[in-house]
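The block underneath contains the structure these notes are about, expressed in structure tokens.
Each chain gets a letter, A, B and so on, in the order the sequences are listed, and its residues count up from 1.
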Amino acid sequence: MAELKAPRGTCDVLPDESDLWIRVEGVVRRVCRNAGYGEIRTPIFEHTELFERGVGAVTDIVEKEMYTFLDKAGRSITLRPEGTAPCMRAYLEHNLKTRPQPVKMYYIGPMFRYERPQSGRFRQHTQFGVEAIGSPDPALDAEVVSILVDVYRHLGLSGFVVHLNTIGCPRCRPRYKEALVKAVAGWVEELCSDCRRRLERNPLRVLDCKNEACREISGNVPTIFEFLCDECRSHFEGVTTYLKALGLAYEIDPRIVRGLDYYTKTVFEVVHAELGAQDVLGGGGRYDGLAEDLGGEHTPGVGFAAGIERAVMALKAARGDSPGAEAGTGIRVFVATMGAPARVEGFRLVKALRERGVPCDLDYMERSLKAQMKHANRCGALKVVILGEEELKTRVATVKDMSTGEQSQVALEGLVQVLSGDGPGTAT
RNA sequence: GUGGAUGUAGCUCAAUGGUGAGAGCGCUGGACUGUGGCUCCAGAGGCUGUGGGUUCGAAUCCCAUCAUCCACCCCA
């Protein structure tokens, strides 16, 4: 057992698994680009103040989960815990309002939160997300939801559900909070200790408590829909209209409230049944107040963030998690050689094949021919080129098809062409 | 930060307080001196997480610590 291990809550993605990651990232990029979103790459650390003001000073993230340190000049720096505030910061800093609106951006990258690790939760995790900044149009809310869903659909994932809600705006939300507190007032004794605390700090959180008793109580409480102002009501209707137009299935779930302060109006989550307690694949919403929180002028925006680790977990759960017949190394051709002169020839051949875009490899362990064949098989090679003294002498290599076992003789000169699929192949 | 479970070979796991800690898979080699998958044989690989303690004797019992897993809180 190695004495040096990856820090708590972090992990290595080994080559076996990285294929899956690359697939997820590829789908994200394709779906985003098709919808007119360009990639933004913001720093991995920011001034601590950005998150204190953006995410909200009384959120759990800011209160206890940030990786914060002083740099050598005494500045307070924080490893980013989320991607939306940095995107908005970049929008304001670079005056992106001077560009055609809305500005649509996506990102993929690591986020950091000092939390106790558990299934689906890490101290460094990777999020992909999109932000559409500069327009209050409910069509954008729906677009953003559909982008997230499309990513999962294109990954072949099923068994996920879109939960949709609205949490109003600074005009109507306080009225609802008040009504909520009043409605629960008679049952405070029945609430769990966490919820009693929530009641004071953030009453909406009582709605998504997992405790049975709390759920029963909050189930009988008025929903926010009765308290929405006209603007929020029509915005929500707009969002649902557009979602229906897309034929996108969703469930209105008055319990989802989200934990970051900047959300207004639309909030949503995509949950997956097979993920355990941390079942949220991704979530997001509208944040029309964020720009002002950061000292900019009023600028509406919507977006989401989703966890790549969780997407990968869901994909693994779906395929029964049987990497089994080892995904292979992606090698198509293996060049087996015997003797030093043949190895030099093989080394050149491998280089030539790679130049032609054929993934190939040869032995580096001084293995016997037999062992090289075995190795080639395990690597998943489709063809093996055998080069020995005889082949060198006659300038004709033996090519074995690993699935049929058939062998053919191919002149060295035409080998690259045959193996790269250009020529019909076979000879002499 | 809180609660529970678990730490033995690269992986999955055995071993009543009592010889030199084992097996399967994987890895390397051989049977087959130039031919993979199947089979058989062999080899390499361990400070039993770490540090204390109890004991004639500890992988095993006790304490501490670290780590992992699961759940809470919260979130991706």
Side-chain angles (χ1 to χ4, degrees), chain A residues 1-11 14 16 24 55 59-65 80-84 108-129 148 192-195 197-198 201-202 205 208-211 256-260 269-272 275-284 304-314 323-326 334 336-339 342 365-391 398-407:
Chain A
M1 191 143 316
E3 59 216 58
L4 235 33
K5 293 189 253 190
R8 175 156 224 209
T10 68
C11 64
L14 300 175
D16 287 348
V24 173
V55 176
T59 57
D60 276 26
I61 289 180
V62 171
E63 275 187 341
K64 49 187 197 191
E65 294 174 3
R80 64 179 182 198
E82 61 100 48
T84 301
I108 300 176
M111 304 294 167
F112 306 84
R113 289 180 202 173
Y114 193 89
E115 298 181 275
R116 191 95 168 249
Q118 94 187 62
S119 179
R121 203 177 60 188
F122 312 91
R123 290 187 172 178
Q124 175 178 337
H125 69 283
T126 312
Q127 290 184 7
F128 64 91
L148 183 53
C192 70
S193 56
D194 285 326
C195 276
R197 206 175 331 118
R198 291 184 181 114
R201 302 198 51 177
N202 190 352
R205 293 227 136 269
D208 73 345
C209 183
K210 292 176 184 174
N211 184 293
I256 72 170
V257 296
R258 311 254 73 209
L260 287 69
E269 290 177 351
V270 175
V271 304
H272 190 93
L275 285 188
Q278 309 303 321
D279 62 353
V280 178
L281 280 171
F304 68 74
I308 294 198
E309 287 83 357
R310 291 185 186 177
V312 168
M313 281 172 74
E326 59 257 24
F334 190 88
T337 67
M338 280 158 296
M365 301 301 290
E366 296 186 338
R367 278 183 260 248
S368 65
L369 176 63
K370 180 185 181 59
Q372 290 185 62
M373 297 299 293
K374 203 175 201 172
H375 183 68
N377 185 51
R378 271 198 268 260
C379 288
L382 305 175
K383 307 231 180 210
V384 173
V385 176
I386 298 168
L387 288 177
E389 279 174 38
E390 242 170 77
E391 284 79 2
T398 303
V399 176
K400 178 163 187 171
D401 183 310
M402 293 300 272
S403 55
T404 65
E406 283 169 19
Q407 298 196 165

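The base of B:rA76 is not paired with the side chain of A:Glu269 by any donor and acceptor separated by under 3.5 Å. For A:Glu65 and B:rG1, a side-chain-to-base donor-acceptor distance below 3.5 Å is absent, hydrogens and geometry of angles not being considered. Not a single donor-acceptor pair, N or O on each side, falls under 3.5 Å between the base of B:rG34 and the side chain of A:Lys370. Checked by distance alone, A:Arg367 brings no side-chain donor or acceptor within 3.5 Å of a matching partner on the base of B:rU28.
If you take atom P in B:rU8 and the same atom in B:rA15, they sit 14 Å apart, rounded to whole Å. B:rG26 and B:rU39 have their P atoms separated by 9 Å, with the value rounded to a whole Å. Across B:rG18 and B:rA64, the matching P atoms stand 25 Å from one another, rounded to whole Å. For B:rG43 and B:rG57, the C1' atoms lie 33 Å apart once the distance is rounded to whole Å. Across the P atoms, B:rA9 and B:rA59 are found 14 Å apart, a figure rounded to whole Å. Comparing B:rG17 with B:rA71, their P atoms sit 32 Å apart, to the nearest whole Å. B:rA42 sits 16 Å from B:rC32 when the C1' atoms are compared, rounded to a whole Å. Taking the P atoms as reference points, B:rU55 lies 16 Å from B:rC62, given to the whole Å.
Atom CD of A:Gln118 is separated from atom P of B:rC70 by 7 Å (rounded to the nearest Å). To the nearest angstrom, C1' of B:rC69 lies 16 Å from CG of A:Leu275. Between the CD1 atom of A:Ile108 and the P atom of B:rA76 there is a distance of 17 Å, rounded to whole Å. Rounded to a whole Å, the CG atom of A:Asp194 is 17 Å from the P atom of B:rG1. To the nearest angstrom, P of B:rG26 lies 15 Å from CG of A:Asp16. The distance between atom CD of A:Gln372 and atom C1' of B:rG36, rounded to the nearest whole Å, is 12 Å. In this structure, CE of A:Met373 is placed 18 Å from P of B:rC32, rounded to the nearest angstrom. To the nearest angstrom, P of B:rC32 lies 16 Å from CG of A:Leu369.
No donor-acceptor pair closer than 3.5 Å links the side chain of A:Glu65 to the backbone N or O of A:Tyr114. When atom types are taken as modelled, the side chain of A:Glu309 and the backbone of A:Thr126 share a donor-acceptor pair closer than 3.5 angstrom. Not one N or O on the side chain of A:Arg8 forms a donor-acceptor pair closer than 3.5 Å with the backbone of A:Pro117.
Among the protein residues, A:Leu260 comes within range of the sugar-phosphate backbone only, with heavy atoms under 4.0 Å from sugar or phosphate atoms but none that close to a base. A:Glu82 comes within contact range of no nucleotide atom at all, as no heavy-atom separation falls under 4.0 Å. Within the nucleic acid shown, A:Ser368 comes within 4.0 Å of sugar-phosphate atoms alone, with no base atom in reach, counting heavy atoms only. Within the nucleic acid shown, A:Phe128 has no heavy atom closer than 4.0 Å to any nucleic acid atom. Among the atoms of the strands shown, only primed sugar atoms or phosphate atoms (P, OP1, OP2) are found under 4.0 Å from some heavy atom of A:Leu281. Counting any heavy atom pair closer than 4.0 Å across all strands shown, A:Gly283 reaches sugar-phosphate atoms only and no base atom. A:Gly109 comes within 4.0 angstrom of no nucleic acid atom, judged by non-hydrogen atoms across all strands. Contact annotation for A:Gln124: no contact, since no heavy-atom pair falls under 4.0 Å across all strands. Here A:Ala305 lies in heavy-atom contact (under 4.0 Å) with sugar-phosphate atoms only. Counting non-hydrogen atoms under 4.0 angstrom, A:Arg113 reaches a base of the nucleic acid. Residue contacts for A:Lys400: at a heavy-atom cut-off of 4.0 Å it reaches a base atom on one of the strands shown.
The partner of B:rG43 is B:rC27, judged by Watson-Crick or G-U wobble contacts that both fall below 3.5 Å. Nucleotide B:rU19 is matched to nothing when pairs are restricted to Watson-Crick or G-U wobble geometry with both distances under 3.5 angstrom. Base pairing analysis places B:rU2 opposite B:rA71; the two distances defining the Watson-Crick or G-U wobble pair are each below 3.5 Å. Nucleotide B:rA14 forms a pair with no other nucleotide shown, judged by Watson-Crick or G-U wobble geometry with both contacts under 3.5 Å. Look at B:rG7: its Watson-Crick or wobble partner, with both distances under 3.5 angstrom, is B:rC66. B:rU54 is unpaired under the Watson-Crick or G-U wobble criterion, no partner having all donor-acceptor distances under 3.5 Å.
Heavy atoms only, all atoms of each residue included: A:Ala336 and A:Val384 are closest at CB-CG1, 4.0 Å. Residue A:Arg258 comes nearest to A:Gly284 through the heavy atom pair NH1-N, 3.4 Å, listed as atom of the first residue, atom of the second, then distance.
For A:Asn377, the listed nucleotide lying nearest its side chain is B:rG37; candidates were B:rC69, B:rA76, B:rG37. Listed nucleotides: B:rA76, B:rC74, B:rG34. Nearest to the side chain of A:Thr398: B:rG34. Listed candidates were B:rU28, B:rC69, B:rC70. Nearest to the side chain of A:Pro117 is B:rC69. In this structure, of B:rC70, B:rU2, B:rG36, it is B:rU2 that holds the atom nearest to the side chain of A:Arg116. The side chain of A:Lys374 lies closest to B:rG36 when the candidates are B:rA76, B:rC74, B:rG36. Listed nucleotides: B:rA76, B:rA67, B:rC74. Nearest to the side chain of A:Arg205: B:rC74. The A:Val280 side chain lies nearest to B:rA76 when the options are B:rG37, B:rA76, B:rG34. When distances are taken from the side chain of A:Lys210 to each of B:rU35, B:rC74, B:rA71, the shortest belongs to B:rC74.
OP1 or OP2 of B:rC66 has not a single side-chain nitrogen or oxygen of A:Arg8 nearer than 4.0 Å. Distances shorter than 4.0 Å separate some side-chain N or O of A:Arg258 from OP1 or OP2 on B:rA76.
The closest side-chain heavy-atom distance from A:Thr10 to A:Phe112 is not below 4.5 Å. By the 4.5 Å heavy-atom criterion applied to side chains, A:Leu275 and A:Arg310 are counted as neighbours. For the pair A:His272/A:Asp279, no side-chain contact is recorded, criterion being any heavy-atom separation below 4.5 Å from C-beta on. Two residues are said to be in side-chain contact when any heavy atoms from C-beta on lie closer than 4.5 Å; A:Arg205 and A:Asn202 meet this criterion.
Under a 4.0 Å N-O distance rule, the pair A:Arg113/A:Glu82 does not qualify as a salt bridge.
Stacking annotation: A:His125 is stacked on the base of B:rA76 (ring centroids less than 5.5 angstrom apart, interplanar angle below 30 degrees).
If you find the closest nucleotide of RNA chain B to A:Gln127 and to A:Ala371, the one lying nearer the 5' end belongs to A:Ala371. Of the two residues contacting RNA chain B, namely A:Ala277 and A:Leu387, the nearest-nucleotide position lying further toward the 5' end is that of A:Leu387.
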